[in-house]
Amino acid sequence: MRESRARPPAASRVGGPLLALAGAVAIVAGLYLALVQAPRDVHLGDVQRLFYLHVAVAWNGFLAFTVVLVGSALYLVTRDRRWDRLAYASGEVGVLFMTLVLVTGSLWARPVWNTWWTWDPRLTTSLILWFMYVGYLLIRSAAEGDARRARYAAVYGIVAFANVPVVHLSVTWWRSIHPLVVREGQVNVDPRMVPAMVAMTLAFTLVYGWFLQQRARLEAVREALAALRARAGEGAMSG
């Protein structure tokens, strides 16, 4: 198994704060567009503004699970620990974003559908997706040994991704009351709302990138400390 250095490269140490700053500025700009510039929906009122956050975290949840898929596949091919750390970090961030998807969806549904939850195909498949990636994290915490843990998680991470396109296509495959934002390549909202939606999505993509970088670095440090403790224990036994 290949090992990588725990100490991050200089570009990463500089890029992290810049990424965090860019994400913070982008979120402020996105919130301004969403809360001030975007028009009030004539049917749903101000509750519709949750849509901008909901779409942004949903997009980044899918992105995070795609990175889990890629990192898992590359780990199985190369056995390079960096890919495993990338997949693990992205899985954690993805679960966080999918949690926000479910929470913001329920907050939107209560005044619009008069219920916090309904077993609509999009909602149901999203909840299944959340459980599947919580399972991914549980597998990582339960398996013993870094190599075995990484191998099991990589296989599961590849299989679990099969539900991502199911969630995306659920509104077209089955009868659903969930709004369809993008239909046949066209954005199905008021054109004046598009800048806020794009800005919030880009802002949370930057936040995702920063979270991913920080979590992967933390995992590298954890592994380095565990290796040092193991070597110290072996030295004490041989001495």
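As the structure is a computational prediction, the values presented were derived from the model and not from experiment. Positions are given from 1 along the sequence.
The closest side-chain heavy-atom distance from Arg40 to Arg49 is below 4.5 Å. At least one side-chain heavy atom of Leu123 sits under 4.5 Å from a side-chain heavy atom of His178. Residues Leu225 and Val221 form a side-chain contact, since some pair of their non-hydrogen atoms from C-beta on lies under 4.5 Å apart. Phe62 has its side chain out of reach of Phe161: every pair of non-hydrogen atoms, C-beta onward, lies at least 4.5 Å apart. The closest side-chain heavy-atom distance from Met193 to Asp41 is below 4.5 Å. Between Val67 and Tyr208, some side-chain heavy-atom pair lies under the 4.5 Å cut-off. Contact of the Leu127 side chain with the Phe131 side chain is registered, since non-hydrogen atoms from C-beta on lie closer than 4.5 Å. Residues Phe211 and Leu96 have side chains in contact (heavy-atom distance under 4.5 Å, counting atoms from C-beta outward).
Of all non-hydrogen atoms in Ala56 and Phe204, the two that sit nearest each other are CB-CD1, 3.9 Å. Residues Tyr52 and Ala34 come closest through the heavy atom pair CD1-CB, 3.5 Å. Considering all non-hydrogen atoms of both residues, Gln214 and Gly16 come closest at NE2-CA, 4.2 Å. The shortest heavy-atom contact between Ala216 and Ala89 is N-CB, 3.7 Å. Contact between Val68 and Gly91 at its shortest, heavy atoms only, is CG2-N, 3.4 Å. Of all heavy-atom pairs between Arg122 and Val171, the closest is NH2-CG2, 3.4 Å.
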Please evaluate residues Ser106 and Trp117 with respect to the criterion side-chain hydrogen bond (donor to acceptor under 3.5 Å, both in side chains), reporting the C-alpha separation (whole Å), side-chain torsions for both, the decisive distance (0.1 Å), and the verdict. CA-CA 6 Å; Ser106 292; Trp117 181 264; over 6 Å; no
One pair to check against side-chain contact (heavy atoms from CB on, under 4.5 Å): Leu137 and Tyr133. What are the steps and the verdict? CA-CA 6 Å; Leu137 300 181; Tyr133 281 90; over 6 Å; no
Determine, stepwise, if the pair Ile158 / Val155 fulfils side-chain contact (heavy atoms from CB on, under 4.5 Å). CA-CA 5 Å; Ile158 293 171; Val155 172; 6.0 Å; no
Any chance you could lay out the side-chain contact (heavy atoms from CB on, under 4.5 Å) test for Asp146 and Asp84, step after step, and finish with the verdict? CA-CA 10 Å; Asp146 286 346; Asp84 176 59; over 6 Å; no
Take Phe51 and Val189, measure what side-chain contact (heavy atoms from CB on, under 4.5 Å) needs, and give me the verdict at the end. CA-CA 11 Å; Phe51 155 84; Val189 299; 3.8 Å; yes
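Separating the CG atom in Leu212 from the CZ atom in Arg85 is a distance of 12.0 Å, to the nearest 0.5 Å. Summarising the geometry, atom CG belonging to Leu33 is positioned 9.5 Å from atom CE belonging to Met200; distances are rounded to the nearest 0.5 Å. Separation of atoms CG (Leu31) and CD (Gln37) is listed at 13.0 Å; rounding is to 0.5 Å. Here the CZ atom belonging to Arg140 is positioned 6.5 Å from the CD atom belonging to Glu219, to the nearest 0.5 angstrom. Note that CD1 of Ile177 and CH2 of Trp113 are 4.0 Å apart. Values are rounded to the nearest 0.5 Å. We find the OG1-CG distance between Thr201 and Leu206 to be 11.0 Å, quoted to the nearest 0.5 Å.
Stacking of Arg79 on the aromatic ring of Tyr75 is recorded, both the 6.0 Å distance cut-off and the 45° axial limit being met.
Following chains of ILVMFWY side-chain contacts shorter than 4.5 Å, one can reach Leu107 starting from Trp119, so the two form part of one hydrophobic cluster. Put simply, Val112 and Val42 are part of two different groups of oily side chains (I, L, V, M, F, W, Y) that touch within less than 4.5 Å, one to the next. Under the 4.5 Å side-chain heavy-atom criterion for Ile, Leu, Val, Met, Phe, Trp and Tyr, Val134 and Tyr152 are members of the same hydrophobic cluster. Leu129 is not connected to Trp173 by any chain of hydrophobic side-chain contacts under 4.5 Å among Ile, Leu, Val, Met, Phe, Trp and Tyr, and they are in different clusters. Hydrophobic clustering, with ILVMFWY side chains joined whenever heavy atoms are under 4.5 angstrom apart, groups Trp116 together with Leu50.
Residues Asp190 and Arg192 are paired through a salt bridge, judged by an N-O separation under 4.0 Å between the basic side chain and the carboxylate.
Shown are Val103, Leu100, Val101; of these, the side-chain contact (heavy atoms from CB on, under 4.5 Å) with His54 is made only by Val101.
Ser90 places no side-chain N or O within 3.5 Å of a backbone atom of Ala87 that could act as its donor or acceptor partner. Counting only distance, with no hydrogens or angles, the side chain of Thr124 and the backbone of Pro121 share no donor-acceptor pair below 3.5 Å.
No side-chain N or O of Tyr156 forms a donor-acceptor pair with one of Ser72 less than 3.5 Å apart.
Atom CH2 of Trp108 is surrounded by more than 12 heavy atoms from other residues, nucleotides or ligands within 6.0 Å.
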